[in-house]
Amino acid sequence: MASLVKLNASSSSWIGQQSFNQRSGSSSCRLPINNRRVAVVRAGSYTDELIKTAKTIASPGRGILAIDESNATAGKRLASIGLDNTEANRQAYRQLLLTTPGLGDYISGSILFEETLFQSTTDGKKFVDVLRDQNIVPGIKVDKGLVPLPGSNNESWCQGLDGLASRSAEYYKQGARFAKWRTVVSIPCGPSALAVKEAAWGLARYAAISQDNGLVPIVEPEILLDGDHPIDRTLEVAERVWAEVFYYLAENNVVFEGILLKPSMVTPGAEHKEKASPDTIAKYTLTMLKRRVPPAVPGIMFLSGGQSEVEATLNLHAMNQSPNPWHVSFSYARALQNTVLKTWQGRPENVDAAQKALLIRAKANSLAQLGKYSAEGESEEAKKGMFVKGYTY
């Protein structure tokens, strides 16, 4: 039987020595102790702060508002309501979101695009200070987007490791306390072993660099909804991906208590002939997480991935009907913003109504995190799906 080695001095995560050593190129430091070699996670100067930040974000009844769309994607959102893609319009929309009174009751963190992190309101108050005043932790998107992965089955890899340490230090100095890196896995394209390994390794390197610079990393290998595959196929791929991700997180000495996960829910492909109920999605998703995610991880913050606003909330609610080893919550972009954007229409006189729409969605997901949500009275707009084939962020 393989001997056991502890991966993380502050966690309960263990792994067999034999399987751990089967892969070469480990970056862990192993010391011979009574004929055993132990892999040690080195606690950095930010470890206590990282753990505290992660726990703050993973607080009961609260989740993450993701407004880190690239300028190109933000332009598409603005174009849908007839606005030009200018910095002033992007600032106005994000000011509407971040200055919503009472937002901190339901939102614990907000992921920003770099432009927004360094912006202020029209009154001159830094957006990071607007968030702090509501006890919302500022976060930052740090990846540089997806590009084709040579040698793969028409798959992608996520770039952005070059210069990440210096950028992360600057983001910390500006007030960011957590980071996001989104890579994707496509089921219709395989996924190939190369694409899965590249996604896992890139996430692990990013996570280690982020922690070294004081930022809690959100680990996000998004398994795209594209395809007509059944839910069992999604489960199979998700288990494979997360096994690889946690192997490389351990290899890179990442402190599990100082990370957050942003997984896809386990659902059938968007083009599958049968839709799954919230109870079925919850069962499959929690099965996958319990098989792959150590309880040392403080928070699971789901992405919505093109689900309708109501679907995303119903599925989250179903996953919180019994206690979980981790805080199970949300990190939604479109599933929090869709109705807000359509209510605003770029008109100053609609700001109050748009902010109320945001609070309605934020409160609904807060209740879902607590397992107390009801879909009664939801608007038809909130029930409309938002899946886009081949979606880019």
Side-chain angles (χ1 to χ4, degrees), residues 10-12 48-67 97-98 100-111 130-139 177-180 215-220 255-265 278-279 281-283 285-286 288-290 293-304 307 309-333 335-337 355 358-376 378:
S10 56
S11 79
S12 57
D48 290 344
E49 181 183 345
L50 292 167
I51 294 171
K52 182 179 179 181
T53 298
K55 286 182 177 178
T56 298
I57 296 171
S59 54
R62 299 205 299 165
I64 293 173
L65 169 64
I67 59 168
L97 297 169
L98 298 180
T100 298
L103 188 62
D105 293 341
Y106 314 116
I107 300 297
S108 55
S110 183
I111 311 170
V130 171
L131 290 169
R132 285 171 175 159
D133 287 350
Q134 292 221 55
N135 194 29
I136 300 173
V137 182
R177 290 298 179 269
F178 72 102
K180 174 200 156 180
L215 302 178
V216 170
I218 288 182
V219 178
E220 182 184 0
V255 179
F256 290 172
E257 291 86 350
I259 66 175
L260 295 166
L261 306 188
K262 186 169 179 175
S264 312
M265 297 179 189
D279 287 343
I281 291 170
K283 177 184 176 182
T285 304
L286 291 174
M288 182 274 292
L289 293 173
K290 288 173 181 176
V293 181
V297 174
I300 312 287
M301 320 299 283
F302 282 103
L303 59 90
S304 55
Q307 300 175 73
E309 291 177 332
V310 171
E311 278 178 325
T313 308
L314 281 170
N315 293 335
L316 179 62
H317 169 76
M319 280 184 268
N320 281 295
Q321 293 310 295
S322 58
N324 291 305
W326 342 261
H327 174 80
V328 175
S329 192
F330 60 93
S331 178
Y332 294 164
L336 283 172
Q337 296 182 50
Q355 290 181 330
L358 175 58
L359 279 186
I360 288 171
R361 290 263 46 91
K363 183 177 181 181
N365 286 291
S366 169
L367 290 170
Q369 197 287 311
L370 299 170
K372 299 177 180 179
Y373 168 74
S374 169
E376 185 178 350
E378 287 280 19

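It should be emphasised that the depicted structure is a prediction, and the values quoted were computed from it without experimental measurement.
Here L50 contributes atom CG and L260 contributes atom CG; the two are 10.5 Å apart, rounded to the nearest 0.5 Å. Going from atom CG of N315 over to atom OG of S304 covers 10.5 Å, rounded to the nearest 0.5 Å. Atom CG of residue L303 and atom CG of residue L261 lie 11.5 Å apart, to the nearest 0.5 angstrom. We find the OG-CG distance between S366 and L316 to be 10.0 Å, quoted to the nearest 0.5 Å. Remark: F330 CZ to M265 CE distance equals 11.0 Å, nearest 0.5 Å. Atoms CD1 and CD, from I111 and E220 in turn, are 7.0 Å apart once rounded to the nearest 0.5 Å.
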### Query
Can you check side-chain contact (heavy atoms from CB on, under 4.5 Å) on R361 and Q337, steps first, answer last?
CA-CA 8 Å; R361 290 263 46 91; Q337 296 182 50; over 6 Å; no
### Task
Could you check I64 against Y332 for side-chain contact (heavy atoms from CB on, under 4.5 Å), going step by step and ending with a plain yes or no?
CA-CA 7 Å; I64 293 173; Y332 294 164; over 6 Å; no
### Message
Is there a side-chain contact (heavy atoms from CB on, under 4.5 Å) between W326 and I300? Walk through the geometry before answering.
### Response
CA-CA 7 Å; W326 342 261; I300 312 287; 3.9 Å; yes
### Worked verdict on Y106 versus L367 for side-chain contact (heavy atoms from CB on, under 4.5 Å)
CA-CA 9 Å; Y106 314 116; L367 290 170; over 6 Å; no
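A pairwise comparison of heavy atoms in F256 and P298 identifies O-CD, 3.5 Å as the closest pair. Among all heavy-atom pairs drawn from A335 and A312, the shortest one is CB-CB, 4.0 Å. Between A368 and N320, the shortest heavy-atom distance links the atoms O-ND2, 3.3 Å. Of all the heavy atoms in G61 and Q369, the pair that sits closest is N-OE1, 2.7 Å. Taking all atoms of both residues into account, the shortest heavy-atom contact from A54 to V216 is N-CG2, 4.0 Å.
With contacts defined as side-chain heavy-atom distances shorter than 4.5 Å, the pair F302/T285 qualifies. Within the 4.5 Å cutoff, no side-chain heavy atoms of I281 are placed close to those of L314. When side chains are defined from C-beta on, H327 counts as touching M301, because their heavy atoms get closer than 4.5 Å. Contact annotation: the side chain of I136 approaches that of L103 to within less than 4.5 Å [non-hydrogen atoms, C-beta and beyond].
Residues passing the side-chain contact (heavy atoms from CB on, under 4.5 Å) test with E49, sequence neighbours excluded: Y46, T53, Y172, R177. Applying the salt bridge (Lys or Arg N to Asp or Glu O under 4.0 Å) test to D279 and every residue at least two apart in sequence or in another chain returns nothing. Applying the side-chain contact (heavy atoms from CB on, under 4.5 Å) rule to S59 yields the partners R62, S108; only residues at least two apart in sequence or on another chain are considered.
Side-chain atoms of Q134 come within 3.5 Å of backbone N or O of T100 as a donor-acceptor pair. Q321 places no side-chain N or O within 3.5 Å of a backbone atom of A318 that could act as its donor or acceptor partner. The backbone N or O of L65 sits less than 3.5 Å from a side-chain atom of S110, completing a donor-acceptor pair. The closest donor-acceptor contact from the side chain of H317 to the backbone of Y373 lies under 3.5 Å.
The only option from D48, I51, V297 that meets the side chain to side chain contact (heavy atoms under 4.5 Å, CB included) definition with E257 turns out to be I51.
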